[in-house]
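To keep things clear, I will list the structure first and then write my remarks on it.
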Amino acid sequence: MAGETVITVVGNLTADPELRYTQNGLPVANFTIASTPRNFDRAANEWKDGEALFLRASVWREFAEHVAGSLTKGMRVIATGRLRQRSYQDREGNQRTAIELEVDEIGPSLRYATAQVTRAASNVGGGGQSRPAQQQVSEEPWSTPGSSTSADAWSTPGSFGDDTPF
């Protein structure tokens, strides 16, 4: 959207994402990303860590459940989203301001790791609860061997119609 501050941050999760539910049953996952710059010190001929940035982040709805079920403490992640500023009053009555990242996309960094991606089943019918996703087509080179379903029109090669499957 126009006028929003969109950033991408690369760093490590300081703890497992904390999954909670609002009073209305809406899932939200909160976590912190620590991003530490590394610079080469030519005088010492070595890499040195700079000052770490700790950025609080949140994701909502089914996305929150996916993040909480996929990411863990210490994982190197790449996250992009919108910075939000929030004002509040602390326990001593002082006015405070917090800047947080409302995540649009997040995933593991593959610089020093590998990942196995499993496509999540769509949440048909609402209700706020997601189903485990093991539904993929074995003809696709990225699918899990031995799994197949024809319930998803997008995952069946050659069966594309004019209607979207959702």
Side-chain angles (χ1 to χ4, degrees), residues 1 4-36 52-88 96-157 159-161 163-166:
M1 291 188 196
E4 292 189 307
T5 306
V6 178
I7 67 164
T8 299
V9 62
V10 178
N12 296 76
L13 296 183
T14 61
D16 289 346
E18 184 179 344
L19 182 63
R20 293 185 180 188
Y21 293 87
T22 65
Q23 290 178 341
N24 296 333
L26 194 65
V28 59
N30 296 300
F31 51 94
T32 300
I33 301 171
S35 181
T36 308
L53 168 71
F54 293 91
L55 187 59
R56 289 291 296 162
S58 62
V59 292
W60 291 85
R61 297 180 176 76
E62 199 171 12
F63 189 14
E65 293 173 333
H66 295 170
V67 166
S70 302
L71 303 177
T72 58
K73 177 182 178 178
M75 277 187 161
R76 183 175 174 88
V77 297
I78 303 168
T80 186
R82 292 159 282 134
L83 284 181
R84 296 282 188 228
Q85 181 172 304
R86 174 174 65 86
S87 296
Y88 64 97
R96 302 284 184 178
T97 301
I99 297 177
E100 300 169 339
L101 180 65
E102 191 172 302
V103 176
D104 292 324
E105 299 286 339
I106 188 169
S109 169
L110 301 181
R111 179 175 290 244
Y112 306 113
T114 61
Q116 178 67 36
V117 178
T118 303
R119 185 173 173 189
S122 63
N123 186 8
V124 178
Q129 298 296 324
S130 62
R131 296 176 300 182
Q134 296 292 325
Q135 301 173 348
Q136 297 173 345
V137 175
S138 60
E139 291 84 19
E140 294 178 318
W142 56 85
S143 67
T144 305
S147 64
S148 67
T149 181
S150 61
D152 184 4
W154 289 109
S155 65
T156 307
S159 69
F160 304 112
D163 297 330
T164 57
F166 42 87

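Excluded from the calculations below are hydrogen atoms, water molecules and symmetry mates; all remaining heavy atoms, backbone and side chain alike, are included.
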Spacing of Glu4 atom CD and Leu83 atom CG [to the nearest 0.5 Å]: 10.0 Å
Are any non-hydrogen side-chain atoms of Arg20 and Val28 less than 4.5 angstrom apart? yes
Can you see which heavy atom on Ser70 is nearest to which on Met75, and at what distance? O-CE, 3.6 Å
Interatomic distance, Arg86 atom CZ to Thr97 atom OG1 [nearest 0.5 angstrom]: 9.5 Å
Exam field: side chain Asn12 to backbone Gly74, donor-acceptor pair closer than 3.5 Å: yes
Locate the shortest heavy-atom distance separating Arg56 from Thr32; write the atom from each residue and the value. NH1-OG1, 2.8 Å
Separation of Thr5 OG1 from Glu102 CD (nearest 0.5 Å): 12.5 Å
Nearest-0.5 Å distance that lies between atom CD1 in Ile106 and atom CD1 in Ile33: 4.5 Å
Heavy-atom side-chain proximity of Thr8 to Ile78 below 4.5 angstrom: yes
With sequence neighbours left out, what residues match Ala34 under side chain to side chain contact (heavy atoms under 4.5 Å, CB included)? Thr14, Phe54
Going by side-chain hydrogen bond (donor to acceptor under 3.5 Å, both in side chains), name the residues that satisfy it together with Glu105, two or more places apart in sequence or in a different chain. none
Less than 4.0 Å between a side-chain N and a carboxylate O, is that true for Arg84 and Glu100? no
For a quick test of reading the model, state the closest non-hydrogen atom pair linking Leu26 to Arg61 and the distance between them. CD1-CG, 3.5 Å
Show, in sequence, the C-alpha distance, side-chain angles and deciding distance for Thr72 and Leu13, and conclude whether the side-chain contact (heavy atoms from CB on, under 4.5 Å) test is met. CA-CA 7 Å; Thr72 58; Leu13 296 183; over 6 Å; no
Please report the C-alpha distance between Val103 and Phe31 in whole Å, then the side-chain angles of each, then the deciding distance to 0.1 Å, and finally whether the side-chain contact (heavy atoms from CB on, under 4.5 Å) criterion is met. CA-CA 11 Å; Val103 176; Phe31 51 94; 4.0 Å; yes
Donor-acceptor pair, Asn30 side chain versus Ser58 backbone, under 3.5 Å? no
If you take all heavy atoms of Ala115 and Pro108, which pair is closest and at what distance? CB-CG, 4.0 Å
Mark yes or no for whether Ser35, through its side chain, and Val10, through its backbone, hold a donor-acceptor pair below 3.5 Å. yes
CZ-CG distance between Arg76 and Leu110, expressed to the nearest 0.5 angstrom: 11.0 Å
